[in-house]
Every structure is written in structure tokens, then in C-alpha cells.
Amino acid sequence: MSRQASRGTESKKMSSELFTLTYGALVTQLCKDYENDEDVNKQLDKMGYNIGVRLIEDFLARSNVGRCHDFRETADVIAKVAFKMYLGITPSITNWSPAGDEFSLILENNPLVDFVELPDNHSSLIYSNLLCGVLRGALEMVQMAVEARFVQDTLKGDGVTEIRMRFIRRIEDNLPAGEE
Amino acid sequence: MAIFSVYVVNKAGGLIYQLDSYAPRAEAEKTFSYPLDLLLKLHDERVLVAFGQRDGIRVGHAVLAINGMDVNGKYTADGKEVLEYLGNSANYPVSIRFGRPRLTSNEKLMLASMFHSLFAIGSQLSPEQGSSGIEMLETDTFKLHCFQTLTGIKFVVLADPRQAGIDSLLRKIYEIYSDFALKNPFYSLEMPIRFIAGALCLHTNPLLQET
């Protein structure tokens, strides 16, 4: 009886190929709809943001991590817990800025880009821009305004995929009680 | 049932979900003849027993139904005023059902916002920096447990004082919320949750049975 009740909320495993191909189909359709790469990038970021604001609750419900009190802790949780939980990879954290407010996430293999090649006429398309939106949306819901952008991408010939995250500020309005 | 209610309150203090699972309330239905030996008074749009407690009808109970038809606040189902109706000897003998008045949804909304403010006051009163808000409120008939997520949503459960395991129940409700409310593309964040009443009910009932 108890096993049946908990089964509904356990994380379900899914085929990574299905996920990759679905994402590919999504980006392809966006390219057809928008014609211009910049618009597609913006749209992917917006979609990612909408996913992020909801994903954060799912993440917090399943992972039981407490509040992070500095950016380094946040970086650790993102790389070691969040990416592992949702994409099955553990990016490494490097290139901390001297002020401790910027770092890079290095993804050796990005599951979203398996089987993908960027054609020449889409050279300014940021294929995995959804991830940047997700990071931005999720962190905004825990009162951190950040900026995430790709600086290296394996699809464009670089060796690894690198996402640069910058802490902008702490969002002070609408703080939950007890967090001031 | 050891769990009495579940409330979900959003960041701004608005109630977005509410589920009651009380055991059947104490209700008493009796036939009366003129004159009525209970003293009734009008309070807050309801007709309450002010004095004259007997046979299961207690002070504070409200008139729930007259002659089998549910009353609507202070008016009978036909639109007449209850106190006038019961003052008229021609309407007797009459059968009246008394019981503890249920909270209306407006009252629940108000109480949830009040709790949200008290929760914030709880953390401000603390002598220590960075205290949480109210986690538990205890009375002689129930215990209220509250869990606030890092994003500001509060899950409140009212349970029997002896009931254990409410913390894990609160976390389970958080998981169910993230699975059913957040993954529904038509659900806007912070808005009342209407659609999942069924799903949440089905899921929380087995959980409630377990705990």
C-alpha cells in the first residue's frame, strides 16, 4: 500500500534519446517558425525561464537541500545535485572570478546535443539556450538574479561546452518570512 | 481520520488550495414545539444557540437545517428569516438540525492570510537571527504544522495532537504539488489550484491512511 502511494511521486526514468530527439524537434520547429537565429535564441531562453520557475520546486521537493548562503554553495548544488538529477551529468566548476561572483560550468558531454550538427546557415544559433533560461528562472525563484550564457559550444567546434554564470544581485522583494 | 485539513498558501499569503477531511461533525436534529426553549441569536450572518444547551445541542452551534431543508445563513431555504420563522407559533412543530458551523471559503481565505502574517511575525519576534516562521501551533484539540519552502509557499496541515510523522507528510505534499500543479501547463503560479482537487485528494488520502 505504501509502495503504491510513493511510486507516483518517485522520479521516473526516461530514455535519454527520447529526450534529446524531442529537444531537437523543438529547436527545429522554432527555427522554422522564427527564421532568424536571434529570435530562436530569445524564445529558447524564455521557454527555459518558464521551465526553471517550476523546476526549482520539483528540485527542492526531491533533493532536500537547504538555502545556499553564498554563490559558491549555489554553484556546487547546481553542478553536483541539480544537473545530476535532471540531466545525469556532473559539470565541473572552474574559472571563478576574483570577486567570487562569476564561474563557469564545463560540460564534457551535453546530452541535449547527441546526434546534432549545426548547419552553416544557423551559425549564430545557441542550441542549448534553454539551459540558460532554466538556470536563470530557477535561481530567480530562490531570490538570486543571475545571468547565464554560453561561451563555448561543442556544436561550434569547441572542445567542451561552457556556461558562464554571473551573480547580479539578491532579489530583496517578496522574501519568504525569516529570510531577511 | 487523524489529519483534519490541508492548506496551501502562496507567497503573498493567499490560499491556493484547501482540503478538509473531518470526521462527521456532531450534529443533532430535534423536533420542537412552541415556544422554543433555546435562546437563539444572530451572529455574523448565522443563527447560533446563545443559551439553553441540552441533549447534544451546545452553545455556539448553528442552525443548519429546518424541517430537513438547509438554511442559507440567516434565511430559510424559502427566503424567510429564520428568527422570524421560529418566533411564529403557527410554524410549529418544527424539526431543527443544529451543528457546529462550517467555515465558509471566504473565512478560510481570511484565516490563511492571517496565518501568513502571524508566520512572518513569528520569525521577527525571534531573538536569534534567521529564525524560521511558525512551525507548529498547538491547541488541546489539534496541532497545526507548517512547512515553508525556499520559494515562499507554505503547506499547512491540521492534525490530531498525537499524530506523528507530519513532517514527512508535509514534504510528500510538496512533492505532489510539484508533480501535479507545477507540471500542469495550464496552471499559473500562485493562483488557486482547482483542477487537482481530485488528484491531490486521491494521493493524500492514501498518505493520510498511512500516517
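So that the names make sense, note that chain A is the first sequence line, chain B the second, and so on, each numbered from 1.
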Student: Give the ring-plane orientation class for Phe155(B) versus Tyr174(B), where under 30° counts as parallel, over 60° as perpendicular and anything between as tilted.
Tutor: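 Rings of Phe155(B) and Tyr174(B): tilted, 30 to 60°.
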Student: Need one label for Ser131(B): side chain, backbone, both or neither, based on atoms under 4.5 Å from any heavy atom in chain A.
Tutor: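 For Ser131(B), the backbone is the part near chain A, not the side chain.
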Student: What residue in Lys11(B), Arg171(B), Gln148(B) has the most heavy-atom pairs under 4.5 Å with chain A?
Tutor: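 Most pairs with chain A among the choices: Gln148(B).
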Student: Using the side-chain contact (heavy atoms from CB on, under 4.5 Å) criterion, which residues pair with Arg97(B)? Sequence neighbours excluded.
Tutor: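 side-chain contact (heavy atoms from CB on, under 4.5 Å) list for Arg97(B), sorted by chain: Glu27(B), Glu29(B), Leu64(B), Ala65(B), Asp70(B).
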Student: By number, which residues in residues 73-106 of chain A have some heavy atom less than 4.5 Å away from chain B?
Tutor: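 Not one residue of residues 73-106 of chain A has a heavy atom under 4.5 Å from chain B.
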Student: Under 4.5 Å from any heavy atom of chain B, what part of Asn50(A) do you find: side chain, backbone, both or neither?
Tutor: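 Asn50(A) has no heavy atom closer than 4.5 Å to chain B.
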Student: With Ser124(A), which of Leu118(A), Asp37(A), Asn36(A), Val40(A) fulfils side-chain contact (heavy atoms from CB on, under 4.5 Å)?
Tutor: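 Result: among Leu118(A), Asp37(A), Asn36(A), Val40(A), Asp37(A) is the only option passing the side-chain contact (heavy atoms from CB on, under 4.5 Å) with Ser124(A).
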Student: Quick one: side chains of residues 109-117 of chain A, donor-acceptor pairs under 3.5 Å with protein atoms, not counting sequence neighbours, listed by atom name and distance.
Tutor:
unit_1	atom_1	unit_2	atom_2	d
Asn110(A)	OD1	Leu112(A)	N	3.1
Asn110(A)	ND2	Ser128(A)	OG	3.0

Student: What residues form a side chain to side chain donor-acceptor pair (under 3.5 Å) with Glu147(A), not counting sequence neighbours?
Tutor: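 So Glu147(A) forms a side chain to side chain donor-acceptor pair (under 3.5 Å) with Arg166(A).
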Student: More than 12 heavy atoms of other residues, nucleotides or ligands under 6.0 Å from CZ of Phe142(B): yes or no?
Tutor: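 For Phe142(B), atom CZ is crowded (more than 12 foreign heavy atoms under 6.0 Å).
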Student: Taking the side chain from Asn129(A) and the backbone from Asn41(A), do they hold a donor-acceptor pair closer than 3.5 Å?
Tutor: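 Such a contact is found between Asn129(A) side chain and Asn41(A) backbone.
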Student: Which answer fits Ile121(B), side chain, backbone, both or neither, if we ask what part of it has an atom under 4.5 Å from a heavy atom of chain A?
Tutor: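 Contact with chain A is absent: no heavy atom of Ile121(B) under 4.5 Å.
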Student: If you take the centroid of each ring, where Trp contributes its six-membered ring, are Tyr127(A) and Phe150(A) closer together than 6.0 Å?
Tutor: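 Centroid separation for Phe150(A) and Tyr127(A): 6.0 Å or greater.
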